[in-house]
Asks: 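Below is a structure I'd like to ask you about.
Bear in mind the structure is a predicted one, so any value in this text is a computation, not a measurement. Below, all heavy atoms of this structure are taken into account, side chains as well, without hydrogens, waters or symmetry copies. Numbers here simply count residues along the sequence, with the first being 1.
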Amino acid sequence: AIGDIRVINLQLLQSPPPTLVTQTEVNWRVDPAISGGGFFHDLAPHQLDLMLYFFGRPVKALGTSVNQAGLYEAHDAVTGFILFEKNIIFSGTWCFSVSPNDECDQCEIIGSKGTIRFSIFQNNEVTVVKDGDSQVFRFEPLQHVQQPMIEAVVKYFLGEDTNPCSADEGVEVMRLMEAFTKTNIH
C-alpha cells in the first residue's frame, strides 16, 4: 500500500523508570553484569527482531550509546542505523531519561507512496497514510501477549512443530545491538 520502502524511523523514549517494564525491588535490567546493558538490551531485541522479519538481513549497521543521566551503570541512550537490502535505511533512537511529556513509542515506515505508523509496545493501532488520506486500524489488546510464542516454543520442544525463532535470527539481533553499542561517545 505504501510502495517501495525507503526509510524506517523507530523511537522509544521513556522517562525513568520506564513504565514498559515491570518494576522490581532490585532493578537487574540496569546492571550490565546481569542484563548485558540496561533497558535497551531488554526492549530493543523485540523491536529489532520485527525489523529483521519485515526487511530481511542487514547489509551494514552502526551506532553509538551513552549514559546521559547517570542514574545507573548501564547506558540510557542508544542510536542505531541499519542499511537493509534494496537500500532501505533504518534509524533507531532509544532513550530512557526523557521527560514524561516526551515519551514516545513509534515505528514509522516510509515508502514511495505513503507511510505506516504504529507503536510496538504501547498501543493497538496502525495508521496508514497514502495520498494524504489516513486510515486507522484498531486492534484489541491481547490478554497474554507472549502466549502464542510460548505455545510455539513448547510445541517445538515437544517435536510437534517447527522452531518459531532460530538461533541464527537471535544472533543477528545481537549483532545489531552490539553494532549500536560498541562505539561509546565520551
Asks: At their closest point, which heavy atom of Y72 faces which heavy atom of F39, and how far apart are they?
Replies: OH-CD1, 3.5 Å
Asks: Determine whether F121 and L12 make a side-chain contact, defined as any pair of heavy atoms from C-beta on separated by less than 4.5 Å.
Replies: yes
Asks: Grab the two heavy atoms, one from A61 and one from F180, that are nearest each other, plus how far apart they are.
Replies: CB-CE2, 4.2 Å
Asks: Given side chain to side chain contact (heavy atoms under 4.5 Å, CB included), test F139 with V126 step by step and report yes or no.
Replies: CA-CA 8 Å; F139 303 91; V126 175; 3.8 Å; yes
Asks: Determine whether more than 12 heavy atoms belonging to other residues, nucleotides or ligands lie under 6.0 Å from atom CD of E73.
Replies: no
Asks: Any side-chain heavy-atom pair from P45 and M177 closer than 4.5 angstrom?
Replies: yes
Asks: In sequence, state the C-alpha distance, the side-chain angles, and the governing distance for E169 and Y53, and then conclude on side chain to side chain contact (heavy atoms under 4.5 Å, CB included).
Replies: CA-CA 9 Å; E169 291 168 330; Y53 178 77; over 6 Å; no
Asks: Hey, does I109 have a side-chain heavy atom less than 4.5 Å from the side chain of I2?
Replies: yes
Asks: Does the side chain of M51 come within less than 4.5 Å of C107's, by heavy atoms?
Replies: yes
Asks: When rounded to the nearest 0.5 angstrom, what distance separates CZ in R138 from CG in N124?
Replies: 10.5 Å
Asks: State which residue, out of V173, L10, L43, fulfils the side chain to side chain contact (heavy atoms under 4.5 Å, CB included) condition with L48.
Replies: V173
Asks: Should I150 and V153 be regarded as members of a common hydrophobic cluster, given that ILVMFWY residues are connected when their side-chain heavy atoms come within less than 4.5 Å of each other, either directly or indirectly?
Replies: no
Asks: Quiz question: by atom type and distance under 3.5 Å, do the side chains of S15 and E103 form a donor-acceptor pair?
Replies: yes
Asks: What about F55 and L50, same hydrophobic cluster or not, with Ile/Leu/Val/Met/Phe/Trp/Tyr joined at side-chain heavy-atom distances under 4.5 Å?
Replies: yes
Asks: Tell me the closest heavy-atom pair linking A1 and K113, and the distance in Å.
Replies: O-CB, 4.3 Å
Asks: Just verifying a value: how many Å separate T79 OG1 and L62 CG, rounded to the nearest 0.5 Å?
Replies: 8.0 Å
Asks: Answer yes if F137 and V129 sit in the same cluster of Ile, Leu, Val, Met, Phe, Trp and Tyr residues linked by side chain heavy atoms under 4.5 Å apart, and no otherwise.
Replies: no
Asks: Measure the OG-NE2 distance between S97 and H75 for me, rounded to the nearest 0.5 Å.
Replies: 12.0 Å
Asks: Look at the side chain of D131 and the backbone N and O of D133, then say whether any donor-acceptor pair between them is shorter than 3.5 Å.
Replies: no
Asks: May I ask whether V7 and I82 are part of the same hydrophobic cluster, defined by side-chain heavy atoms of I, L, V, M, F, W, Y residues being less than 4.5 angstrom apart, directly or through others?
Replies: no
Asks: Got a second to check how far S65's OG is from E178's CD, nearest 0.5 Å?
Replies: 11.0 Å
Asks: Are H41 and T181 close enough, and set up right, to give a side chain to side chain contact (heavy atoms under 4.5 Å, CB included), and what steps lead you there?
Replies: CA-CA 10 Å; H41 281 73; T181 59; 4.2 Å; yes
Asks: Return yes when atom CD of E160 has more than 12 non-hydrogen atoms of other residues, nucleotides or ligands closer than 6.0 Å, and no otherwise.
Replies: yes
Asks: Any side-chain heavy-atom pair from I116 and T127 closer than 4.5 angstrom?
Replies: no
Asks: I need the minimum non-hydrogen distance between D168 and R57, along with the two atoms involved.
Replies: CB-NH2, 3.9 Å
Asks: Do you know which two heavy atoms are closest between V59 and E85, and how far apart they sit?
Replies: CG2-N, 3.7 Å
Asks: Over all heavy atoms of both residues, which pair between R6 and S112 is shortest? Give the atoms and the distance, please.
Replies: NH2-CB, 3.5 Å
Asks: Is a side-chain donor or acceptor of D76 paired with a backbone partner of F96 at a separation under 3.5 angstrom?
Replies: no
Asks: First locate atom CD1 of I89, then atom NZ of K60, and finally report the distance between them rounded to the nearest 0.5 Å.
Replies: 10.5 Å
Asks: Is the shortest side-chain heavy-atom distance between D105 and Q47 below 4.5 Å?
Replies: yes
Asks: Could you give me the CA-CA distance, side-chain angles and deciding distance for R175 and E172, then say whether salt bridge (charged side-chain N to carboxylate O under 4.0 Å, His left out) is met?
Replies: CA-CA 5 Å; R175 282 187 188 130; E172 195 61 47; 3.2 Å; yes
Asks: Side-chain heavy atoms nearer than 4.5 Å, only ILVMFWY residues, links allowed to pass through others: does that put F118 and I8 together?
Replies: yes
Asks: Which label fits F90 and F84: parallel for a plane angle under 30°, tilted from 30 to 60°, or perpendicular past 60°?
Replies: perpendicular
Asks: Just how far is it from atom CG of L176 to atom CZ of F81, taken to the nearest 0.5 Å?
Replies: 13.5 Å
Asks: Can you check whether L71 reaches V30 side chain to side chain, under 4.5 Å on heavy atoms?
Replies: no
Asks: Does N67 use its side chain to pair, donor to acceptor, with the backbone of A74 at less than 3.5 Å?
Replies: yes
